[in-house]
Amino acid sequence: MQKNASWLLGLALLGYALGTLALILFLAHYSPLKGGVSIPHEPEITDLVSSTPLPDFVSIEQTPERKKAFVDLLLPMIEQKNNYIQKNRKSLYKMKLQLAEGKLLTEKQLEKLEQLRDRYHVSHETYPETARAIEILLLRADIIPSSMVLAQAAIESGWGTSRFAIEAHNLFGQWCYSPGCGLVPERRPPNATHEVQKFDSVEASVDAYYRNINTHNAYREFRQLRAALRAQDGELTGTELVEGLGKYSGRGDVYIHELRTVIRVNDFENLQLSAADVESLPTEGLPLPQ
């Protein structure tokens, strides 16, 4: 009897030890207090995740059909990109409100803020104060009207038929300066070093365009105009905002006039996505009242 009791006690102790070990492993994997390791969370999506090759627009002989195909390709990408940006703005406004109320940002918010600082080139050296950094981010992390994006893509790529569009997925005429980063323009001046940047997909070209407009010093006037319209509760239209693109092209005011003409002639301000396209867009964080 004593032998059986000892055997049962040993078995119970073994079970207790195994159970304790299992509990320790569970807590080590899931505990939010795990030292030195940040708890994983769903990353914020800001760039387009799909990868679409450029269709053969040259083979579409009828101009109206080619234009429609071009718009049908780009408009859902533009709307999706703007939706992602709106979600980021919502996070920034929440941070701004918390600071105004004297509340500290959470660790997750601080991590998100660092990601946005990096994406929109808002460095700690230039903007050390968190509140000021958020104000600058709200100037940069903002939508671009689809009418303006479509008009620039149409002009810069010849509605998807230019050499740079076909060979480099470059729909916006963007330059780069590292040897081999893109295609060398045939009419490049002898002393010039720029190339027309090469992208792997249409989405990559759209992402780069947004980064360019929203961060480059050349388009500060555009961002200030956009912020002024927001402050007045005005509608962000491409027709009005192209006024800030005088430095995008060497043609200056002529280029701005051409953009407005393309927007008007093609009725870009009134374009609407189809029901199928709307269903395919992310819904989280939409809409964001301003």
Side-chain angles (χ1 to χ4, degrees), residues 47 74 77-78 81-82 85 117-123 126-127 135-160 162-165 168-178 181-199 204-232 234-266 268-269:
D47 280 347
L74 283 184
M77 297 181 188
I78 297 166
K81 185 72 177 179
N82 282 337
I85 291 174
R117 273 179 173 272
D118 181 65
R119 172 166 295 277
Y120 290 101
H121 304 166
V122 180
S123 68
T126 307
Y127 302 102
E135 292 293 343
I136 298 300
L137 282 168
L138 285 170
L139 282 173
R140 299 182 183 185
D142 203 347
I143 67 167
I144 303 175
S146 58
S147 56
M148 173 177 143
V149 183
L150 287 170
Q152 287 201 273
I155 290 174
E156 299 293 340
S157 74
W159 297 91
S162 71
R163 172 200 168 202
F164 299 127
H169 285 97
N170 192 323
L171 301 181
F172 300 94
Q174 290 181 254
W175 290 1
C176 56
Y177 294 90
S178 301
C181 62
L183 305 178
V184 176
E186 294 177 355
R187 299 178 182 177
R188 187 178 73 176
N191 296 328
T193 60
H194 70 274
E195 299 180 12
V196 177
Q197 191 168 356
K198 191 170 184 177
F199 300 102
S205 179
V206 172
D207 284 332
Y209 164 82
Y210 267 79
R211 284 194 297 273
N212 188 31
I213 296 294
N214 277 333
T215 63
H216 200 288
N217 285 336
Y219 312 116
R220 183 178 298 174
E221 181 183 349
F222 163 83
R223 296 191 292 272
Q224 290 173 340
L225 177 58
R226 181 174 61 186
L229 285 174
R230 281 208 179 278
Q232 300 165 9
E235 182 182 1
L236 301 186
T237 67
T239 301
E240 193 152 4
L241 286 176
V242 296
E243 183 67 30
L245 297 179
K247 294 183 180 179
Y248 200 95
S249 168
R251 290 180 290 149
D253 290 342
V254 174
Y255 180 69
I256 291 172
H257 176 74
E258 185 178 1
L259 286 171
R260 285 179 172 149
T261 300
V262 171
I263 291 172
R264 176 179 54 79
V265 169
N266 295 281
F268 279 168
E269 296 290 10

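No hydrogens, no waters, no symmetry mates; every other heavy atom, side chains included, goes into these values.
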Polar contact flag, side-chain donor to acceptor under 3.5 angstrom, N214-R119 |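 R119 and N214 do not have a side-chain donor-acceptor pair below 3.5 Å.
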Can you confirm whether [X] sits close enough to [Y] that some side-chain heavy atom of one is under 4.5 Å from a side-chain heavy atom of the other?
X: R230; Y: D142; answer: yes
X: H194; Y: P185; answer: yes
X: F268; Y: T237; answer: no
X: L171; Y: F199; answer: no
X: L74; Y: V149; answer: no
X: M148; Y: L236; answer: no

Kindly say whether [Y] contributes a backbone atom to a donor-acceptor pair with the side chain of [X] at under 3.5 angstrom?
X: S162; Y: G158; result: no
X: Q197; Y: C176; result: no
X: N82; Y: I144; result: yes

Measure the spacing between [atom1] of [X] and [atom2] of [Y] and express it to the nearest 0.5 Å.
X: L225; Y: L245; atom1: CG; atom2: CG; value: 9.5 Å
X: T126; Y: I136; atom1: OG1; atom2: CD1; value: 10.0 Å
X: E195; Y: F164; atom1: CD; atom2: CZ; value: 10.0 Å
X: E156; Y: L259; atom1: CD; atom2: CG; value: 8.0 Å
X: L150; Y: I155; atom1: CG; atom2: CD1; value: 11.0 Å
X: Y248; Y: Q152; atom1: OH; atom2: CD; value: 5.0 Å

I'd like to check the salt bridge (charged side-chain N to carboxylate O under 4.0 Å, His left out) partners of [X]; sequence neighbours left out, ordered by chain and number.
X: E221; result: none
X: R140; result: none
X: E243; result: R260

Of all residues at least two apart in sequence or in a different chain, which pass the side chain to side chain contact (heavy atoms under 4.5 Å, CB included) check with [X]?
X: A141; result: L92, Y120
X: R220; result: N217, R223, Q224
X: R163; result: E167, L183, E186

Around atom CD of E258, are there more than 12 heavy atoms of other residues, nucleotides or ligands at under 6.0 Å?
->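 Buried by this count: over 12 neighbours within 6.0 Å.
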Quick one: ring-ring contact (aromatic ring centres under 6.0 Å, His included) partners of F172, sequence neighbours excluded?
->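 Scan of F172 (ring-ring contact (aromatic ring centres under 6.0 Å, His included), adjacent residues dropped) gives Y209.
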Apply ring-ring contact (aromatic ring centres under 6.0 Å, His included) to H216 and list each qualifying residue two or more places apart in sequence or on a separate chain.
->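 For H216 the ring-ring contact (aromatic ring centres under 6.0 Å, His included) partners, ignoring immediate neighbours, are Y219.
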Would you please name every residue forming a side-chain hydrogen bond (donor to acceptor under 3.5 Å, both in side chains) with [X], sequence neighbours left out?
X: Q174; answer: none
X: T239; answer: E269
X: R264; answer: none
X: S205; answer: none

Looking at every heavy atom in both [X] and [Y], which two are closest together, and how far apart are they?
X: W175; Y: G173; value: CD1-O, 3.4 Å
X: F222; Y: L241; value: CD1-O, 3.4 Å
X: S157; Y: A165; value: CB-CB, 3.9 Å

